[in-house]
Each structure stands twice: as C-alpha cells, then as structure tokens.
**Student:** 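Sharing a structure, written as structure tokens. Questions coming.
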Amino acid sequence: MKAIWKMGLGALLLCQAVLPASAWAQTPEAGQTVQIELTPGQSVLKVNSEELNVEKPYVANGSTLVPLRVITTAFGAVLSWDSETRTVGLKSGNTSLSLQIGSTTATVNGVQETLEAAPELLNGTTMVPLRFIAEKFGAKVSYDEVTKQITILGTASASAAGNGIDTDLGKTQIGNSYYGWSMKYPAGLIREYQSFQEDLVGFEDADGEFYFSVLAELDATENMSEDALISRLSDETEGRVLKKTYIEEAKQPYALIVTEEDGEVYEYRAYQKADRLYVLSLYVNKAENYNNPVKYSRYKDLLDSFKVSFDGSDRSLKDLSTVKAGYRTYTDETYGYSLRLPAEWLMAKDEDNNIGFLDPKKNKSISVVITSKAEGDKLQPWTDRMLKRYEDMFLPEYRKLEPQRSLTVDGNPAVAVRSKNTFDKKNWNVTENVFLIKGNYKYQIYFNFDKESNVSEMLIQDTLKSFKITRPSSSIGTLRDSEDMDRTQMSVVKNKTYGF
C-alpha cells in the first residue's frame, strides 16, 4: 500500500466509483425522465424499455435491495466511498445521504434514520435498499402485486451527464485517450484517485484486499533497453525484492518487479511505447492472498489486459480522460468555479493555498484568488485599491499600467487591467488582472507571462470565456483579503528568548 501512496495516491481522494458493469444502456441526459422496471430474483431489468443484465435484486427484512447503479442511473447521483468505514455517500440535488455496509443506520442531510435492511456487498456489487433511497431523492416507486414488478420513475440530474459513475454504463473496458492506454474494466473496484493531469489513476478493492494504479509518462526516453526499464521500475519499488525480470513472451513485453514488506506484496510492471512509459502498481494486503492461485488469477487477469493503445471507435471502452480538443476543464466545487485549460498544463498551489495553473515551459501561468466581499464593497473601488497597491510596490520607472477595460465574465461585470513590471528595465513581466464580484465573494483571475513575447491573447480570451461561477461550498466562511490590510499600522514586536 505504501508504494502506491508514494506515487501520489495520498494527495486527494476523488472517490468516484467504478463498479461492475454488465451491459448497460447509454447514460441518460440531464433532465431526462428515467423509468426503471425490475423484479426481485430476476437478473434482467429495463431502463427506458431497454433490457439489461444486473446482479439479481432480492428482498431482505421486507426491503428490496438493488445494485447501487440502479439508484444512480435513476437520479444521476454523485457517489463517494470511504474504504475505512465502508460508507457510501450519495448526493442528488439538495439531498445528501450516507449508508454503511452492514449498518441499518443511514444519515439523510445530517439526520440519522433507520433502515429496514442494511446495504450489502454481493459478488463485488453494492446492494442498497431501493424504496428508502428512491423516496429520499423524490422519485416515485410503485409495486405491482400481480407481476411483482417494481417501477422507479425519476429524473436524471446534471451530474449524470458529467464525470459521475453513470458514464460507466455499457462499458467493458476502461482507458485514457489522452495518454493512450486501455484495459479490462476493473470489476469490483472503486476509482479512488485521478490526478488533475490524469497521468495517475488509482483503484481500490471495496474490501481493501488490493489496490491498483496506472501511472503514465509522456516524453520519456524512447527505446529504453530491458535493463533500463527494470532500473526505471526500481525507482518505484520498496521492500524485499522477490522477482526482478523482463517478460519478453507477453503480448506486450514489460519489466517486472515483485517485492514484499511487512506481509504485504507489491507487483510493478513497466511498459513502453515510443516516448510513452506506463507503470502499473498492484498492492495486495496479504502475501497469502497474492500466493493463492485463485486470487492471483484475478489480479493477473486484470494486469494482463493492459494495452498501450486506446481505440476511440470502441463503444465498450470508457474514457477516463476529460481532455477534449486539447483542453481539460478544472472544476473547484469548494470555491464554486470552473475554467478550461490546455491539457498539458500543471496545477499547483501557492503559500496561501490558492490554486494556480502553470504552462510546462513555466513561462505562462493562471491563478484564481477568491476572498470575501466586505459589506458595501463594489467592483470599481476594490479594483482601484488593488491598482494602488500595485503602484506602491514598484517605482514608476519599473512599472507600466495600461488603461482599465470593462468586460463581462460569465454574465458578471468585470474589470481588466494589464500591468507590466521589470527589475532590470530590459525584461518586462506582464500580468493581465481581471476583477469581478458575485454574491459575497470577490474573484481575481491573474494571467502571468514571464516576458512580453509570451503574452497570448487567445489564452486570455478562451479562459475568460470558459470561466463559470457556481455556488461555493457551504463550508466556506469568511476569506479575508490580505491585500486590503492597512499597511500604515505599526506595532512593536518583542522576543524575550532572543532579546530583541
């Protein structure tokens, strides 16, 4: 497990589910009416009249349990998973609820309620109480006494059309079109993490038995030798080495290292295609599981299905990439905004934990800073204060300030000002400053270019056009604007230990 976290899985858990997919219908669009018909004990159900195969629904303690995917299909609910507590979180519209595997206590919008039957894991599929969840999400559930058929009538929410789990419908393979890889659909696993650049994706077994990740690198050294691939793979490994070799006879040859530490086993594979390198990491919680032929066949089947290609025409292949036409969209649900960026750009944070994006050549960057609006504050006075602050930072001969321009960003009035500053009077750094206010928050969007020749008007225009503001998370409180502090105030600071 530690080796996978070492590669980055401990950063941010997205907790998007990837549950088993039999043959599922195409994902319903947001706002579309979804009618699901099923009968306990039968593996065939209908979604908008299309027949599909699922894990058989069944009755437990007077409650019908259905595959979780049935629920998310009907409502387009966003799913999260806590592997330590084995808790499923669901959110649709203004309703949030959580259910724990094996527990009859559920939480609905922060209030505990009792279930007739606890959620269960059956053959790798999460089974949940149908009527309880459906009614909490505002759907209608009807039951035919004669045919024993249950009908769910709901409306797909916006989340169903996005990056939620329901985009998995009808898929038997997964992959990433941007990085050019694909593999067998990891049934029974949860997609626990995907990096902003999508170069690292991790999956977790619902029971915590094993973890699996794919790391992709672009612009790697081409035509690496067998020994060079093994050496590169060694950088990712830890523990006592049990096997270190190169598997030539595989359909796609690969370097292989197997290690063991504290009773845990790690298997690493490295594949290369031209200048692209792929590192697969498997963690198994117990050596006896890894050495069990039946269990290992499951791991090996998954690993052996890996391909260094992506067939975009294959409709059974789910694309994990969000890149479209060379751009990806970043959505910040905490602060409530989104914007589109070039696919190759990096994401970083400054010392104040503000999100920023950086061109790989590090000559362009975009940052977004959000602070609370003071009572009575308006766009123009705030903009003027910011520009006065800028002028105070540089002597006149080391700065240039272009006239302010009015524009609209996501339907909101905004002010843009281009500033330039230098430290040697030869090379000028350029910043496009965009200010806007919406609701209780102030939004500052900065485009920074290390020199005038790198200024991209298209980048500025495309980014501002894509910038959208939604509602910030309710967890956000007051965000003090440090630029508004009174710099004329003075105080005496003393330190007894060091005598100053």
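Keep in mind it's a predicted model, so treat the numbers as computed, not measured.
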**Student:** Compare all side-chain heavy atoms of E145 with those of Y143 and state whether any distance is below 4.5 angstrom.
**Tutor:** yes
**Student:** More than 12 heavy atoms of other residues, nucleotides or ligands under 6.0 Å from CG of D144: is that the case?
**Tutor:** yes
**Student:** Is there a donor-acceptor pair under 3.5 Å between the side chain of R131 and the backbone N or O of T64?
**Tutor:** no
**Student:** Quick check, are the ring centers of Y211 and Y283 under 6.0 angstrom apart?
**Tutor:** yes
**Student:** Start with the C-alpha distance between Y299 and E209, add both sets of side-chain angles, then the distance that settles side-chain contact (heavy atoms from CB on, under 4.5 Å), and finish with yes or no.
**Tutor:** CA-CA 11 Å; Y299 314 143; E209 179 183 310; 2.5 Å; yes
**Student:** For S182 versus S309, what's the shortest heavy-atom pair and its separation?
**Tutor:** OG-O, 2.7 Å
**Student:** Run the side chain to side chain donor-acceptor pair (under 3.5 Å) test on Q112 and T105 for me, step by step, so that the C-alpha distance in whole Å, both residues' side-chain angles and the decisive distance to 0.1 Å come before the verdict.
**Tutor:** CA-CA 7 Å; Q112 289 190 346; T105 299; 5.4 Å; no
**Student:** Between I257 and S234, is the side-chain contact (heavy atoms from CB on, under 4.5 Å) condition met? List the steps.
**Tutor:** CA-CA 8 Å; I257 294 181; S234 296; 3.4 Å; yes
**Student:** Do Y179 and Q197 come close enough that some side-chain heavy atom pair is under 4.5 Å?
**Tutor:** yes
**Student:** Identify the two heavy atoms, one from L464 and one from V409, that lie closest to each other, and give their separation to 0.1 Å.
**Tutor:** O-CG1, 4.0 Å
**Student:** Let me see the working for Y296 and E267 under side chain to side chain donor-acceptor pair (under 3.5 Å), right down to the final yes or no.
**Tutor:** CA-CA 11 Å; Y296 181 71; E267 179 172 327; 3.1 Å; yes
**Student:** Any side-chain donor-acceptor pair under 3.5 Å between E260 and Y290?
**Tutor:** no
**Student:** Go through the steps to decide whether Y266 and E264 satisfy the test side chain to side chain donor-acceptor pair (under 3.5 Å), and finish with yes or no.
**Tutor:** CA-CA 7 Å; Y266 306 86; E264 302 168 337; 3.0 Å; yes
**Student:** For a 4.5 angstrom cut-off between non-hydrogen side-chain atoms, does N176 reach F310?
**Tutor:** no
**Student:** Can you check whether F306 and Y254 have ring centres sitting under 6.0 Å from each other?
**Tutor:** no
**Student:** Would you indicate whether the side-chain heavy atoms of P57 and I150 approach each other to under 4.5 Å?
**Tutor:** no
**Student:** Would you say the side chain of T371 lies within less than 4.5 Å of the side chain of Q444, judging by non-hydrogen atoms?
**Tutor:** yes
**Student:** Report, as yes or no, whether the 6.0 Å neighbourhood of atom NZ on K364 holds more than 12 heavy atoms from other residues, nucleotides or ligands.
**Tutor:** yes
**Student:** Hey, mind stepping through T259 and E238 against side-chain contact (heavy atoms from CB on, under 4.5 Å) and telling me if it holds?
**Tutor:** CA-CA 7 Å; T259 67; E238 58 184 68; 5.6 Å; no
